[in-house]
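Structure first, commentary second.
Since the structure is predicted, the reported quantities are computational estimates derived from the model, not experimental observations. If you read the sequence from its start, that first residue is 1, and numbering goes on from there. Just the heavy atoms: all of them, side chains too, but no hydrogens, waters or symmetry mates, feed the values below.
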Amino acid sequence: MFQGPIDCLLKTVKNEGVLGLYKGMASPLVGIAAVNSLLFWAYSYGKTLQTGSSDVTPTLGQIAVAGAGAGIVNSVLASPVELLKVRLQVQYNTASEFNTAFRGPIPLARHLIQQFGARGIAWGFWATVAREIPAYAAFYAGFEFTKRRFADALANGDANKLGTLPLMLSGSAGGVSLWMVSYPLDVIKSRVQNGKAPPKGFGYIAATAREIAAEQGIKGFFRGFSPTVIRSIPAAGVTFATYELVMRALDGNAK
């Protein structure tokens, strides 16, 4: 259907107008606060479990383990949020395979539950877990590694003295790291969640990977990679800088 991101942009605007670029936005917009809150809480808890105290600086290995664990926990919310987003986004100037063009996440969620029961809203859960584990291990480890390098170069090793720009750049490094290690798994997850019925068991992840490889080769696992990485640079930068600055403010008030 599309020859690349620019072709997709132009055809979408031409056929559906500018608002066509925002299909599926309501689901992550509503769920992002809960998803990120759960993610960062699980990450902080995972670090403390390993170090025994929030005052102890974890190693990068411990950071990665905490991130992987946070990804597993986060899948509980991220999977249904992304399911609704993905299925709304593939409605392209036409009705879906159910002959209904859903106008938002609530009608779609109601339809999936009516059609498939609880499986309808948990569609692709294990594919989401498989993606989240390496994704958030790399996300947090990439951020911490870059932040510590900036701290050594700019603040005598004290990361709490870093300004907004180094924190944003560190966050961007985390975002790029996330997609570098998990993008093929995201492609698999999206294909699963756009299927005709929720899969059963665990083998569907490998089966879907084989289907993509047979149809498109290795390139099939990286379709859309460039715009996704470009998007992650400002998004992850702002996310991490905001988190770090808010935590500093809270720690300062606590003292």
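In terms of heavy atoms, Ala138 sits closest to Val181 at CB-CG2, 3.5 Å. Here the shortest heavy-atom pairing between Gly175 and Ala236 reads CA-CB, 3.6 Å. Across every non-hydrogen atom of Gln193 and Val86, the tightest pair is OE1-CG2, 4.1 Å. Closest heavy-atom contact between Trp179 and Arg231: CZ2-NH2, 3.5 Å. Scanning all heavy atoms of the two residues, the minimum distance from Thr146 to Gly142 falls at OG1-O, 2.8 Å. The two residues Lys161 and Ala155 have their closest heavy-atom pair at CB-CB, 3.9 Å.
When side chains are defined from C-beta on, Leu178 does not count as touching Ser232, because their heavy atoms never get closer than 4.5 Å. Under the 4.5 Å side-chain criterion, counting only non-hydrogen atoms from C-beta, Arg131 is in contact with Glu82. Counting heavy atoms from C-beta outward, Glu244 and Leu162 have side chains that stay 4.5 Å or more apart. Between Asp186 and Thr228 there is no side-chain heavy-atom pair separated by less than 4.5 Å. Between Phe221 and Leu185, the closest side-chain pair of non-hydrogen atoms is not below 4.5 Å. Considering only heavy atoms from C-beta on, Lys47 comes within 4.5 Å of Tyr43 through its side chain. With contacts defined as side-chain heavy-atom distances shorter than 4.5 Å, the pair Leu39/Tyr140 qualifies. Using a 4.5 Å cut-off on side-chain heavy atoms (C-beta onward), Leu84 and Ile121 make contact.
A donor-acceptor pair under 3.5 Å is formed between the side chain of Asn194 and the backbone N or O of Ser190. Listed for the Glu132 side chain is no donor-acceptor partner under 3.5 Å among the backbone atoms of Ser75. Listed for the Trp123 side chain is no donor-acceptor partner under 3.5 Å among the backbone atoms of Ser79. A donor-acceptor pair is defined here as one N or O able to donate and one able to accept, closer than 3.5 Å; such a pair exists between the side chain of Ser172 and the backbone of Ile233. Judged by distance alone, the side chain of Arg87 and the main-chain N or O of Gly195 form a donor-acceptor pair under 3.5 Å.
Val246 and Leu167 fall into different hydrophobic clusters, where Ile, Leu, Val, Met, Phe, Trp and Tyr are joined by side-chain heavy atoms under 4.5 Å apart, directly or via other members. In terms of hydrophobic clustering, with Ile, Leu, Val, Met, Phe, Trp and Tyr side chains grouped at heavy-atom distances under 4.5 Å, Val238 and Ile230 are assigned to different clusters. If you chain together hydrophobic residues whose side chains sit under 4.5 Å apart, Met180 and Phe222 fall into the same group. Both Val73 and Val81 are part of a single hydrophobic cluster, where members link through side-chain heavy atoms under 4.5 Å apart. Linking ILVMFWY residues whenever their side-chain heavy atoms come closer than 4.5 Å, directly or via other members, places Trp126 and Phe116 in the same cluster.
Atom OG1 in Thr208 sits 9.0 Å away from atom CZ in Arg210 (nearest 0.5 Å). Once rounded to the nearest 0.5 Å, the distance linking CD1 of Ile188 with OG1 of Thr128 reads 12.0 Å. In this structure, Leu169 CG and Leu165 CG are separated by 4.5 Å, a value rounded to the nearest 0.5 Å. From Ser44, atom OG reaches atom CG of Leu49 across 11.0 Å, with rounding to the nearest 0.5 Å. Atom OH of Tyr243 and atom CZ of Phe143 lie 8.5 Å apart (nearest 0.5 Å). With rounding to the nearest 0.5 Å, the separation of CG in Leu250 from CG in Leu245 is 11.0 Å.
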Candidate pair Phe40 and Thr239, rule side chain to side chain contact (heavy atoms under 4.5 Å, CB included), full reasoning: CA-CA 11 Å; Phe40 277 88; Thr239 297; 3.9 Å; yes

Are Ile205 and Val192 close enough, and set up right, to give a side chain to side chain contact (heavy atoms under 4.5 Å, CB included), and what steps lead you there? CA-CA 8 Å; Ile205 299 174; Val192 168; 5.8 Å; no

Could you walk me through whether Ile63 and Arg148 pass the side chain to side chain contact (heavy atoms under 4.5 Å, CB included) test, one step at a time? CA-CA 12 Å; Ile63 291 287; Arg148 292 177 187 186; 4.1 Å; yes

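Here Arg248 does not pair with Asp251 in a salt bridge; the nearest charged N to carboxylate O distance is not below 4.0 Å. Of the charged side-chain nitrogens involved, at least one lies within less than 4.0 Å of a carboxylate oxygen, so that Glu215 and Arg191 count as a salt-bridged pair.
The 12-atom threshold is exceeded at CG of Leu60, counting heavy atoms of other residues, nucleotides or ligands nearer than 6.0 Å. More than 12 heavy atoms of other residues, nucleotides or ligands shown are found within 6.0 angstrom of CG on Asp158.
Between Tyr183 and Phe225, the angle of the ring planes goes over 60°, which puts this pair in the perpendicular group of the 30/60° scheme.
The ring of Phe139 has its center closer than 6.0 angstrom to the ring center of Tyr136.
Residues Lys85 and Gln89 have side chains that never bring a donor and an acceptor to within less than 3.5 angstrom of each other.
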